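Down below is the structure, laid out as structure tokens.
Proteins get letters first, then strands, A, B, ... in listed order; numbering begins at 1 in each. Computed from a predicted model, the values in this text were never measured in an experiment.
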There are 2 protein chains.
Amino acid sequence: MLSSPEYIEKLRKSGLRPTKQRIKICQVLFDTKKTFHFTISDLVKLIETKANEKISLATVYNTIHAFEKKGYLKEISINSSQTYFDTNTTNHHHFFDEKQKELIDLEDIDVDPVKIKKTIPGKKIKSVEVLVKIDSE
Amino acid sequence: MLSSPEYIEKLRKSGLRPTKQRIKICQVLFDTKKTFHFTISDLVKLIETKANEKISLATVYNTIHAFEKKGYLKEISINSSQTYFDTNTTNHHHFFDEKQKELIDLEDIDVDPVKIKKTIPGKKIKSVEVLVKIDSE
DNA sequence: ATACCAGTTTATAATGATTCTAAAGTATTT
DNA sequence: AAATACTTTAGAATCATTATAAACTGGTAT
Ligand SMILES: [Mn+2]
Ligand SMILES: [Mn+2]
Ligand SMILES: [Zn+2]
Ligand SMILES: [Zn+2]
């Protein structure tokens, strides 16, 4: 669990001013060994409960997009009404339960490497994401 | 190329009344050997140009969701501001160019079968979708 | 310390895709 | 033809996200 001075350092190194809002969001997102998935509204609730503080919605959006751009978060490709983010920035895939709206990590060992045999002239592959939709049986 | 009476038949068999709006949308979507990907606004434009007709936006949404429910269309899982649909309802994967907002089919032979080695108790797999994001090189 | 500036936060408005509403229209059944 | 259930429609509502622009703050120079 990193304390405030360490996030301050991390933010500065990224060229982001260490404001109290950004530090608080770092604590909520990164003060845990386990990575997790969240939407903006999940995060707003987490800030209110876990941190007992209020950060304006615009700042939450701004910060999450800044962190995403710096590579501290990943956006997950699912066609849902809300965007999902992931504090696990390694290459990995997901189960998605559309009813419960829950994402579950598939570690690399859980999925054989996906080999793409087709190429598009002038285009390069940026990412390969596998989404496994699941449902109660 | 199916003519109107054949869509009428197809719609009736599906329990959908063959209205002139639904028949028109069938023609725009299915009167071609090639399958394709589209958003609702793409489709509205296609109806206006290809069919030189106007169908209310609510009806276009209603019809597309009815067709999707009947299995004549598939919704594609990408995190875009608009939902993408596919007239190719076979199991297949996609390239997605986020800049050009273009989807390209990956046929089954283009991707090795994706083997998922993890199971979630009480859950069954509904679909496995691979999304390959590409970019100009 | 004080002043300054660029970057940041904030409340609020705007946007845009999608869904809802309820009235008018239409296909099918009786 | 009349009755009925289904469908279309314009317009309003919803809701996640982005834009705006004024107030605020961290860092730096004086
Ligand atoms: Mn983003
Ligand atoms: Mn749908
Ligand atoms: Zn994940
Ligand atoms: Zn396709």
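- Distance A:Arg12 CZ to D:dT25 C1': 13 Å, rounded to the nearest Å.
- Counting only distance, with no hydrogens or angles, the side chain of A:Lys70 and the backbone of A:Ser14 share a donor-acceptor pair below 3.5 Å.
- A cation-pi arrangement is present between A:Lys10 and A:Phe30 under the rule of less than 6.0 angstrom and at most 45 degrees off the ring axis.
- Under the salt bridge (Lys or Arg N to Asp or Glu O under 4.0 Å) rule, A:Lys117 has a single partner from B:Asp108, B:Asp110, B:Asp112, which is B:Asp112.
- Relative to the side chain of B:Pro18, the nucleotides D:dT18, C:dC20, C:dT28 differ in distance, and C:dT28 lies closest.
- For A:His65, taking side-chain heavy atoms from C-beta onward, the closest of the listed nucleotides D:dT18, D:dT9, C:dT10 is D:dT18.
- Between the side chain of B:Arg22 and the main chain of B:Leu11, no donor-acceptor pair closer than 3.5 Å is present.
- Note: OH (B:Tyr84) to P (C:dA17) measures 11 Å, nearest angstrom.
- For D:dA16, the OP1/OP2 oxygens have no side-chain nitrogen or oxygen of A:Ser41 closer than 4.0 Å.
- A straight line from NZ of B:Lys69 to P of D:dC6 spans 14 Å, rounded to a whole angstrom.
- An OP1 or OP2 oxygen of D:dT17 is reached within less than 4.0 angstrom by a side-chain nitrogen or oxygen of A:Thr83.
- Between the NZ atom of A:Lys70 and the C1' atom of C:dG7 there is a distance of 13 Å, given to the nearest Å.
- Within the nucleic acid shown, B:Thr59 comes within 4.0 Å of at least one base atom, counting heavy atoms only.
- Separating the CD atom of A:Gln82 from the P atom of D:dC15 is a distance of 11 Å, rounded to the nearest angstrom.
- At the phosphate of C:dT10, OP1 or OP2 sits under 4.0 Å from a side-chain N or O atom of A:Gln21.
- Two residues, B:Tyr61 and B:Arg17, neighbour DNA chain C, and the one matched to the more 5' nucleotide by heavy-atom proximity is B:Tyr61.
- Between B:Thr19 and B:Ile40, the residue anchored closer to the 5' end of DNA chain C is B:Ile40, taking for each the nucleotide with the nearest heavy atom.
- Heavy atoms of B:Lys54 sit under 4.0 angstrom from primed sugar atoms or phosphate atoms, though from no base atom.
- Atom-to-atom, CZ of B:Arg22 to P of D:dT9 comes out at 11 Å; the value is rounded to the nearest Å.
- Rounded to whole angstrom, the span from the CG atom of B:Leu16 across to the P atom of D:dC6 amounts to 12 Å.
- Of the two residues near DNA chain D, B:Leu57 and B:Gly15, the one whose nearest nucleotide lies more 5' is B:Gly15.
- A donor-acceptor pair is defined here as one N or O able to donate and one able to accept, closer than 3.5 Å; such a pair exists between the side chain of A:His92 and the backbone of A:Thr90.
- Regarding B:Phe85, its CZ atom lies at a distance of 7 Å from the P atom of C:dT18, rounded to whole Å.
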